Amino acid sequence: MTHQEIREKFLNFFKEKEHAIVPSSSLIPTDSSVLLTTAGMQQFKPYFLGEKSPFGNRAVSIQKSFRTSDIESVGDESHLTFFEMLGNFSFGDYFKREAIEWANEFLKLVVKDYKNRMHVTVFEGNDNVPFDQESYEIWKSLGVPEEKILKRGREDNFWGPTGNEGPCGPNTEIYIDGLEIWNLVFNEYFCSRDKKLILLKQKGVDTGMGLERLAMILQAKENIFETDLFAAPFEILLNRPENQQRSGRIIADHIRGSIFLLSDGVRSSNKEAGYVLRRLIRRILVHAKKIFIPQELIFDLIGKAIDFYSSVYEDLEKNKKLILEFFKEEADKFNLTLEKGLKEFDKRYPLKLGKRVQIEKKIGQDAFDLHQTYGFPLELIKELLNERFYQFDEDEFKKKIEEEFKKHQEISRAGVEKKFGGHGLSFDRDNLSPEFHNVKLHTATHLLHQALRQILGTEVKQMGSDITPERLRFDFSFSRKLTEEEKRKVEDLVNQKIQENLDVKKEEMSFEEAQKSGALAFFKEKYPKQVSVYSINGFSKEICNGPHAEKTSLLGHFKIIKEESSSAGVRRIRAILE
Ligand code: GLY
């Protein structure tokens with residue numbers, strides 16, 4: 001089924017159920033407490049709160065959405081910054097039963113072997129909001145067996161509000177092949193600025209399903225980049241050698257994001273939405289440089305992407321010239337900065353062609369200056385130093401970044417952070433130092449993986465991992481819930497290894513050698529011939545691209561905050577470093 005057919009099928013399905021088809025709103029929301037439109041419900045916020053809607057009390061839409069929180073995950077199989085969200089909405093009209101039945105009916109209609117491939121989650125309840133028994137019973141009545149109705153907590157199964165305040169409520173999520181595709185939110189509460197939950201006078205339904213993810217399922221593709229939403233406009237970016245794949249995907253995602261932001265009127269700047277756009281454009285240029293894609297080709301691809309979407313979004317075609325001009329202007333500016341910075345860098349660290357002598361000098365302060373003064377992304381700095389045979393001084397760099405982060409934090413935390421809609425990364429951290437905050441959690445993930453294997457047995461295999469500046473998330477194969485004692489033992493073992501202050505060492509070797517040496521590999525990953533192996537002295541050994549903390553004592557104290565089921569036979573742990 002093509003993306004056009006999916007769009008039509010979805011809209012028609014709900015039109016037949018008396019929903020008004022409402023066009024997508026702009027990526028710049030009217031609610032000024034939210035930076036960008038992150039969900040379909042945003043344009044309908046007043047109607048959930050009782051204001052009369054001009055098109056009745058049922059709506060269906062395909063909404064342009066943008067989530068900054070996922071920027072570091074782009075390049076994997078299913079995360080994007082810009083995406084389109086299919087959604088149906090009820091403002092004081094139908095509630096849980098119809099919403100669940102219709103979602104189930106729609107998916108049954110379009111997903112092959114839906115019954116066997118699906119599972120769902122419902123809200124388990126907490127001190128303020130009870131267990132969502134009603135949704136649980138509705139799923140049961142539709143023939144979903146109990147082991148496929150998982151109960152989850154606030155982080156997964158309670159949605160909203162976007163911005164400072166607004167409607168929110170428990171949600172139920174539908175997964176296909178372990179991938180979350182549809183989120184049905186039952187807006188029963190109003191969350192006030194001081195985080196109090198007040199029961200709404202009218203109940204509402206707000207659902208969201210990623211078009212790209214649904215296309216991936218319906219087109220039987222292994223990742224979103226193979227769907228027709230990407231393959232057609234970006235073929236040249238996506239058919240790359242394995243070591244260029246991530247960069248190709250990042251460029252494709254960021255081109256889509258920037259054309260839609262530009263078309264909706266965002267302009268590059270050093271703050272808020274303008275900063276997001278600037279960051280996207282710079283990342284496009286850096287990754288293009290990295291995988292040898294000339295700038296002219298990037299402009300061609302922008303044109304192609306605009307043409308591809310113009311049948312759905314007329315504004316894009318109208319704004320084509322403008323988008324290309326703004327993009328070019330921003331690229332020229334960045335290229336100038338890059339050039340200036342490169343000149344300064346060349347002066348200090350000349351590139352001596354032919355003289356391949358290893359210089360044992362570590363560069364920290366200059367790397368930091370390049371990052372701060374010239375806006376060089378960290379990945380480029382590392383590459384430049386590497387080219388010139390200097391070592392990057394990660395400790396010094398991190399120290400400087402942390403000092404800068406603290407300064408910024410004091411100045412602007414309260415104002416800006418909220419505008420990211422409560423979706424994870426805050427502005428300052430995103431700007432200055434996601435790498436640093438993630439490094440320690442990454443090393444902790446390796447310790448956790450090995451600790452789980454020692455305490456629970458070698459059936460434990462990594463199935464997924466995700467790191468935000470606040471926490472690590474680790475999915476692994478294991479058939480049952482962990483006992484309290486097992487969790488404590490795992491924590492104790494990780495903390496013991498942190499206290500032993502073990503060295504973290506990196507070695508390069510062939511994939512075969514790595515496997516022979518007993519290095520663990522990520523179960524689902526395809527590896528290149530030559531790989532990096534990180535060992536934590538005598539305890540853990542894994543194939544991994546890093547980066548990692550140099551010594552385990554840098555990690556602080558490790559704590560498991562949650563252990564739960566992720567899908568059948570897979571457990572999920574969330575943990576933090578204190
Ligand atoms: N508003 C529902 C969602 O974004 O998932």
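Order of listing sets the numbers, starting from 1, for every ligand and every atom in it. For clarity, every value in this text was computed on a predicted model and none was experimentally measured.
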Quick check: closest heavy atoms across Ser566 and His119, and the distance to 0.1 Å? O-NE2, 3.7 Å
Do any nitrogen or oxygen atoms of Arg67 come within less than 3.5 Å of a nitrogen or oxygen of ligand 1? yes
Once rounded to the nearest 0.5 Å, what's the spacing between atom CG of Leu107 and atom CG of Leu214? 7.0 Å
Within the 4.0 Å heavy-atom shell around Met85, which atoms of ligand 1 are there? 3 (C), 4 (O)
Please identify which atoms of ligand 1 are closer than 4.0 Å to at least one heavy atom of Asn183. 2 (C), 3 (C), 5 (O)
Tell me if the centroids of the rings in Phe55 and Tyr47 come within less than 6.0 Å of each other. yes
Which ligand 1 atoms are under 4.0 Å away from a heavy-atom of Ala39? 1 (N), 4 (O)
With a 4.5 Å heavy-atom cut-off, do Leu80 and Arg256 have their side chains touching? yes
Could you list which atoms of ligand 1 come closer than 4.0 Å to a heavy atom of Val185? 2 (C)
Minimum-distance protein heavy atom relative to atom 1 (N) of ligand 1: Asp206 OD2, 2.9 Å
Ring geometry between Phe44 and Phe91 (parallel below 30°, tilted from 30 to 60°, perpendicular above 60°): tilted
